[in-house]
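Index from 1, following the sequence. As the structure is a prediction and not an experimental result, all values here were calculated from the model. What's counted below: heavy atoms across the whole structure, side chains too, no hydrogens, waters or symmetry copies.
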Amino acid sequence: PYDTRTLRERATGGTEASVTRIADALGAWVMQHNRTEAYGSYVPPGKIAGIEHVILNRDSRALPKVRELFPDARTYLWVHDQLNPGSKRGRRLASTAQHLRERNVTIICVSDSQRRGVEATVRRIGVADVVRAVTIYNPVCDDLVPDGTPVDERKLVFFSRSSLRGILPRRNGSGKSSHWTWSDSL
C-alpha cells in the first residue's frame, strides 16, 4: 500500500501519486484492499459512517464491495488506462455492467481521448443510459516550475508506463505478471 509517506520518500507511480495528492488535499479517506494497518486517513477496507461519495480506482470488479460497505454513497470509477470496446479492460468493464447500472456510476477519465473509448465501451455494453463518462485531468504538483535547465528537444524521450507493460512486466512471487485483482483504493 501507499500513502502520504510514500510520495515524500520515493518515486511513486502516476496513479498512486494522483490518488495521494488528491486525497490529501481533500482530507479524504483512502481505503486499500492490501492495507492491514491504518496510517492517518489511509485505512484497510471497512465501513466508515457518513460517506456520501466513493471513488473507486481503476477496477469495477470491486463495485459489489463498495455496495456492501457504502450502500448509499454516490459511486465514481476513476480509470487511468486506455479502455476501448472489446479490449481486455473493455471486457472487464463489460463483466460488471449490471453493477455499473445498479450504482449509476460516473466514470472519471484522465483525457478526452480516453473518455471517447470509455463512452464507446459504455454504449456497447448497454449502460450508456445511466453511466456517464467525464474528463478530469490528473493533477500536476504545484511546486513544478521551470528551473532554467537548458532543454534540447531533440533529446527528449518520454516513456509512458503503459507503453512499457509487456516489455518490463512487474512480477509477483509466482513468476507471473502481477495485476490488481481489486481496486488499489476504495
Asp24 and Tyr42 side chains, donor-acceptor separation under 3.5 Å: yes
Shortest non-hydrogen separation from Gly117 to Pro85 and the atoms involved: O-CD, 3.9 Å
Check: Tyr76/Asn57 side-chain N/O donor and acceptor closer than 3.5 Å: no
side-chain contact (heavy atoms from CB on, under 4.5 Å) assessment of Gln32 paired with Val43: CA-CA 6 Å; Gln32 297 166 308; Val43 298; over 6 Å; no
Side chain Arg101, main chain Gly126, donor-acceptor under 3.5 Å: yes
Between Thr135 and Arg115: side-chain donor-acceptor atoms closer than 3.5 Å: yes
Reported OG1-to-CD1 distance for the pair Thr96 and Ile125, which is rounded to 0.5 angstrom: 6.5 Å
Main-chain N/O of Leu83 paired to Ser87 side chain as donor or acceptor, under 3.5 Å: no
Value rounded to 0.5 Å, distance of CE in Met31 from CD1 in Ile55: 13.0 Å
Residues in side chain to side chain contact (heavy atoms under 4.5 Å, CB included) contact with Arg8, at least two apart in sequence or another chain: Thr4, Arg5, Tyr39
Point-to-point distance, once rounded to the nearest 0.5 Å, from CD1 of Ile108 to CD of Gln114: 10.5 Å
Whether Arg123 side chain and Val118 backbone form a donor-acceptor pair below 3.5 Å: no
Sidechain-backbone polar pair: Arg91 side chain, Gly86 backbone, donor-acceptor under 3.5 Å: yes
Polar side-chain atom of Glu16 near backbone of Pro1 as donor-acceptor pair, under 3.5 Å: no
Spatial distance of atom CG (Leu56) from atom OG1 (Thr75) [nearest 0.5 Å]: 8.0 Å
Any donor-acceptor pair under 3.5 Å from Thr12 side chain to Arg10 backbone: yes
Nearest-0.5 Å distance, OG of residue Ser60 to CG of residue Leu77: 5.5 Å
Candidate pair Thr106 and Val131, rule side-chain contact (heavy atoms from CB on, under 4.5 Å), full reasoning: CA-CA 6 Å; Thr106 297; Val131 175; over 6 Å; no
Minimal non-hydrogen separation, Gly46 against Leu69, with atom names: C-CD2, 3.8 Å
Close side-chain approach of Ile136 to Val110, heavy-atom, < 4.5 Å: no
Donor-acceptor pair between Thr15 and Arg58 side chains, under 3.5 angstrom: yes
Nearest heavy-atom neighbours spanning Tyr137 and Ser111: CE2-CA, 4.0 Å
Cation-pi geometry met for Arg67 and Phe70 (6.0 Å, 45°): no
Minimum heavy-atom distance between Val66 and Arg103, given as atom pair plus value: CG1-NH2, 4.1 Å
Check: Arg132 side chain, Glu119 main-chain N or O, donor-acceptor pair, under 3.5 Å: no
Pairs flagged by salt bridge (Lys or Arg N to Asp or Glu O under 4.0 Å) wherever residues 28-50 is involved - sequence neighbours left out: Asp3-Arg35
Rounded distance [0.5 Å steps], CD1 in Ile51 versus CZ in Arg74: 15.5 Å
Taking every non-hydrogen atom, the tightest pair across Cys109 and Ala133: SG-CB, 4.3 Å
Basic-acidic side-chain contact under 4.0 Å: Glu68, Lys65: yes
